[in-house]
Amino acid sequence: PGGLGRRQRAPELVRGGQDPHGADGTMPAVPGLVLSLHVAPASRLPMEPLQEAELASDGVVGDFHRGRPGSAPVLLQDEEPLLELGLNPGVVMENVTVRGLAVNGLSPGTRIALGDVVVEVLEECRPCSRMEEIRPGLRRQLRGRRGTYATVVAPGTVRVGDSVAVVDAPERAALPG
């Protein structure tokens with residue numbers, strides 16, 4: 001009498017399907033972060049770490065590969081495969097290493113904010129024979145997780161510690177039928 005049964009909730013706590021704190025049952029996306037930034041000073045030299053990098057429409061300012069035909073402007077890499085394989089950021093020649101957002105496997109056309117900079121995923125970076133120079137067997141170990149090529153759609157400066165988040169993802173293709 002006068003109490004609520006186990007399956008009943010006070011009407012004032014069930015406003016439009018929300019919980020008493022106004023949440024709608026979904027969690028906001030937790031952004032990742034830029035763990036490290038690197039540029040290639042010249043062909044076949046080790047990557048140089050940076051605290052901040054200028055990303056232009058044709059690549060990372062100061063990177064040997066910037067604007068070269070056949071080169072994608074930016075190579076993004078997840079921290080996880082590097083940790084699993086005992087590699088330091090920059091060793092597999094990526095420009096941007098991220099933590100907390102799995103960039104490997106994102107669909108082409110996905111847009112990612114790196115701080116105020118926006119890049120668009122182009123394609124997976126397939127491990128090349130250079131990976132064998134780092135460590136025998138590394139090419140095979142990195143298959144499917146060597147990183148993701150992206151192009152810069154909103155240039156600017158990105159800094160170590162900046163947030164990383166998907167800002168736009170392409171619609172999935174409709175299945176035939």
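Predicted, not measured: the structure shown is a model, and the values here were computed from it.
The cluster map of Ile, Leu, Val, Met, Phe, Trp and Tyr, joined by side-chain heavy atoms under 4.5 Å apart, puts Val60 and Val158 in the same cluster. Under the 4.5 Å side-chain heavy-atom criterion for grouping Ile, Leu, Val, Met, Phe, Trp and Tyr, Leu37 is connected to Leu76 within one hydrophobic cluster. Note on Met47 and Val96: separate hydrophobic clusters, where clusters join Ile, Leu, Val, Met, Phe, Trp and Tyr whose side-chain heavy atoms are under 4.5 Å apart, directly or indirectly. Residues Val152 and Leu106 share a single hydrophobic cluster, defined by chaining ILVMFWY side chains whose heavy atoms lie under 4.5 Å apart.
Legend: residues meeting salt bridge (Lys or Arg N to Asp or Glu O under 4.0 Å) with Arg140, ordered by chain and number and at least two apart, are absent. When the side-chain contact (heavy atoms from CB on, under 4.5 Å) test is applied to Gln141, the partners found at least two apart in sequence or on another chain are Leu85, Arg135, Leu138. Evaluation of the salt bridge (Lys or Arg N to Asp or Glu O under 4.0 Å) rule for Arg68 yields no partner, not counting sequence neighbours.
Its side chain outside the 4.5 Å cluster rule for every partner, Phe64 clusters with none of the Ile, Leu, Val, Met, Phe, Trp and Tyr residues.
Atom-to-atom distance recorded for Ile134:CD1 and Met93:CE is 7.0 Å, nearest 0.5 angstrom. To the nearest 0.5 Å, atom OG1 of residue Thr157 and atom CG of residue Leu55 are 8.5 Å apart. The CG atom of Leu142 sits 7.0 Å away from atom CE of Met131, with the distance rounded to the nearest 0.5 Å. If you take CZ on Arg99 and CG on Leu33, they are separated by 5.5 Å, rounding to the nearest 0.5 Å.
Two residues are said to be in side-chain contact when any heavy atoms from C-beta on lie closer than 4.5 Å; Thr151 and Pro73 meet this criterion. The closest side-chain heavy-atom distance from Leu50 to Val39 is below 4.5 Å. At least one side-chain heavy atom of His38 sits under 4.5 Å from a side-chain heavy atom of Ser36. Counting only heavy atoms from C-beta outward, the side chains of Val98 and Asp78 approach each other to under 4.5 Å.
For Glu132 (side chain) and Gly137 (main-chain N/O), a donor-acceptor pair under 3.5 Å exists by modelled atom type.
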Can I get a per-line list of side-chain donor-acceptor pairs under 3.5 Å for residues 159-170, giving both atom names and the distance, sequence neighbours left out?
| from | atom 1 | to | atom 2 | distance (Å) |
| --- | --- | --- | --- | --- |
| Arg159 | NE | Glu52 | OE1 | 3.2 |
| Asp162 | OD2 | Arg159 | N | 2.8 |

Let me check something: any side-chain donor-acceptor pairs from residues 114-129 under 3.5 Å, sequence neighbours excluded? List them with distances.
| from | atom 1 | to | atom 2 | distance (Å) |
| --- | --- | --- | --- | --- |
| Glu120 | OE1 | Arg111 | NE | 2.7 |
| Glu120 | OE1 | Arg111 | NH2 | 2.9 |

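Enclosure of atom CD in Glu80 is not indicated, since only 12 or fewer non-hydrogen atoms of other residues, nucleotides or ligands lie within 6.0 angstrom.
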query: Would Asn104 and Gln77 count as a side chain to side chain donor-acceptor pair (under 3.5 Å) if you check the C-alpha gap in whole Å, the side-chain angles of each, and the deciding distance to 0.1 Å?
result: CA-CA 7 Å; Asn104 285 313; Gln77 175 61 296; 2.9 Å; yes
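Here the closest heavy-atom approach between residue Asp63 and residue His65 is recorded as OD2-N, 2.9 Å. Leu82 and Pro89 make their closest contact through CD1-CA, 3.8 Å (heavy atoms, listed as atom of the first residue, atom of the second, distance).
Between Arg44 and Glu133, at least one side-chain N (NZ, or NE/NH1/NH2) sits under 4.0 Å from a carboxylate O, which counts as a salt bridge.
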